[in-house]
Asker: 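Here it is, the structure, as structure tokens.
In what follows, chains carry the letters A, B, and so on, assigned in the order in which the sequence lines appear, proteins first and then strands, with residues in each chain numbered from 1.
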2 protein chains.
Amino acid sequence: MKRTNKPISYSKTTEETARFAKALSHPVRLTILKHLSSQNCCFTGDLVEVLPLAQSTISQHLKELKEAGLIQGEVNPPKVKYCIDVENWNKAKNFFDTLFNEDFSKISCC
Amino acid sequence: MKRTNKPISYSKTTEETARFAKALSHPVRLTILKHLSSQNCCFTGDLVEVLPLAQSTISQHLKELKEAGLIQGEVNPPKVKYCIDVENWNKAKNFFDTLFNEDFSKISCC
DNA sequence: ATCCTTTATCGTGGATGTGCGATGATCATT
DNA sequence: AATGATCATCGCACATCCACGATAAAGGAT
């Protein structure tokens, strides 16, 4: 059991999958995404009326989702309309599809 | 824009999806899972020889994956053999399938 | 020019994540 | 009993996350 010191560089896909997963790793953000996908789009204020959190907190979650690429915001002063970023959404979908693609049902465990 | 104070309780599915996503939110853990799915099973030491991390760090990541339910470990002293937990793996697969199930391609944004 | 509405950003405090070396636990071998 | 191999756990640093209230930014209405 000898440790490697080679500084492994993860594949781009691995890095991106981890980024998407982190964005999805909080119940509030999942709820926001669910809301966005059912309503198609919505404003920040709509979410404040639904989630028991301060407006600043929700804004922060929206920022994280935007930085992960899962949503996009269109400024429409004084409101901002958020939607799913379809392109990246499908990208994430494919990443997770690939990740879970292995069929273990036929493999006896060792 | 009036804030709700009702203490929302997230659905069990939402909570579990978040838990799975958190487990998948780190490149090291994704690499471990990829390794496990290609090799079927492996020992802790095998991973130490592949990843440039201390044994304790890898053990910690394995613990998180185990607590999330994605893998299981079978003690075989002095070694421990880790495998994918097929049942929960498929559960996670279904959660993400459902999450990404929406077809936005046909929806014009608002 | 001054409010009002809506949203983003800042600063802060507490919790959690991530890496490490050191140490403990377990069991086979000697 | 003592040693060696393998792995988990502990304790420690440092960074990031998460929630909050306060404040800033932007633009419409008065």
Asker: Closest approach to the side chain of A:Gln60, judged atom by atom: which nucleotide of D:dA19, D:dA8, C:dT9 is it?
Answerer: D:dA19
Asker: OP1 or OP2 of D:dC7 less than 4.0 angstrom from a side-chain nitrogen or oxygen of A:Arg3, does that happen here?
Answerer: no
Asker: Using a 4.0 Å heavy-atom cut-off across all strands, classify A:Gln55 as base, sugar-phosphate, or nothing.
Answerer: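 The answer is base, as A:Gln55 lies within the cut-off (heavy atoms under 4.0 Å) of a base atom.
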Asker: What is the distance from CD1 of A:Ile8 to C1' of C:dG19, rounded to the nearest Å?
Answerer: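 So the CD1-C1' distance, A:Ile8 to C:dG19, works out to 16 Å.
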Asker: Between C:dC27, D:dA8, D:dG27, spot the one nearest the side chain of A:Pro77, thanks.
Answerer: D:dG27
Asker: Measure CD/B:Glu74 against P/C:dT26 and give the value in whole Å, please.
Answerer: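 Value for this atom pair: 18 Å.
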Asker: Mind telling me whether B:Phe96 and A:Phe96 have parallel, tilted or perpendicular rings, with 30° and 60° as the class edges?
Answerer: parallel
Asker: In terms of side-chain heavy atoms of B:Ser56, which of C:dT7, D:dC7, D:dT9 is nearest?
Answerer: D:dT9
Asker: To the nearest angstrom, how far is A:Lys22 atom NZ from D:dA15 atom C1'?
Answerer: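 My rounded result for the distance is 11 Å.
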Asker: Can you find a side-chain donor-acceptor pair between B:Ser56 and B:Ser59 that sits under 3.5 Å?
Answerer: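 There is no such pair (donor and acceptor under 3.5 Å, judged by atom type) between the side chains of B:Ser56 and B:Ser59.
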Asker: Could you tell me whether the phosphate oxygens of C:dG19, OP1 or OP2, come under 4.0 Å of any side-chain nitrogen or oxygen in B:His61?
Answerer: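 It does, given that an N or O in the side chain of B:His61 lies less than 4.0 Å from OP1 or OP2 of C:dG19.
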Asker: Starting from P on D:dA19, measure out to CG on B:Asn5 and report it in whole angstrom.
Answerer: 15 Å
Asker: For the pair made of CD1 in B:Ile58 and C1' in C:dT18, what is the distance, rounded to whole Å?
Answerer: 13 Å
Asker: Could you work out which one of C:dT7, D:dA26, D:dC17 sits closest to the side chain of A:Pro78?
Answerer: D:dA26
Asker: Working to the nearest 0.5 Å, report the span between CD of B:Glu87 and CD of B:Gln72.
Answerer: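 It comes to 9.5 Å.
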Asker: 5'-most contact on DNA chain C: B:Leu53 or A:Asp46, nearest heavy atom basis?
Answerer: A:Asp46
Asker: Quick one: pull up CG in B:Leu62 and CD1 in B:Ile32 and give me the separation to the nearest 0.5 Å.
Answerer: 4.5 Å
Asker: Between B:Val28 and A:Lys66, who's closer to the 5' end of DNA chain C by nearest nucleotide?
Answerer: A:Lys66
Asker: Using the side-chain heavy atoms of A:Lys63, tell me which of these nucleotides is nearest: C:dT9, C:dC27, D:dA19.
Answerer: C:dT9
Asker: Which atom pair, heavy atoms only, marks the closest approach of B:Ala18 to A:Leu30?
Answerer: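 Between these two residues, the closest heavy atoms are N-CD1, 3.5 Å.
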Asker: Please determine if A:Lys81 forms a cation-pi arrangement with A:Phe43, meaning its NZ or CZ atom is less than 6.0 Å from the six-membered ring centre and no more than 45° off the ring axis.
Answerer: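 Output no; distance or angle outside limits.
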Asker: Would you say C:dG19 has OP1 or OP2 under 4.0 Å from some side-chain N or O of B:Thr57?
Answerer: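 B:Thr57 to C:dG19 OP1/OP2: no side-chain N or O under 4.0 Å.
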Asker: Counting heavy atoms from C-beta on, name the nucleotide in D:dC7, C:dT7, C:dC27 closest to the side chain of A:Phe43.
Answerer: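 So the side chain of A:Phe43 is nearest to C:dT7.
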Asker: Given C:dG19, is OP1 or OP2 found less than 4.0 Å from the side-chain N or O atoms of B:His26?
Answerer: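 Answer is yes, contact under 4.0 Å.
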Asker: Rounding to a whole Å, what distance do you find between B:Ile71:CD1 and D:dA8:P?
Answerer: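 Value for this atom pair: 9 Å.
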Asker: Consider the side chain of B:Ala54, meaning its heavy atoms from C-beta on, and name the nucleotide among D:dC18, C:dG21, D:dA19 that approaches it most closely.
Answerer: C:dG21
Asker: To the nearest Å, how far apart are A:Lys2 NZ and D:dC7 C1'?
Answerer: 18 Å
Asker: Tell me the interatomic distance from B:Glu64, atom CD, to C:dT16, atom C1', rounded to whole angstroms.
Answerer: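 It is 10 Å, rounded to the nearest whole Å.
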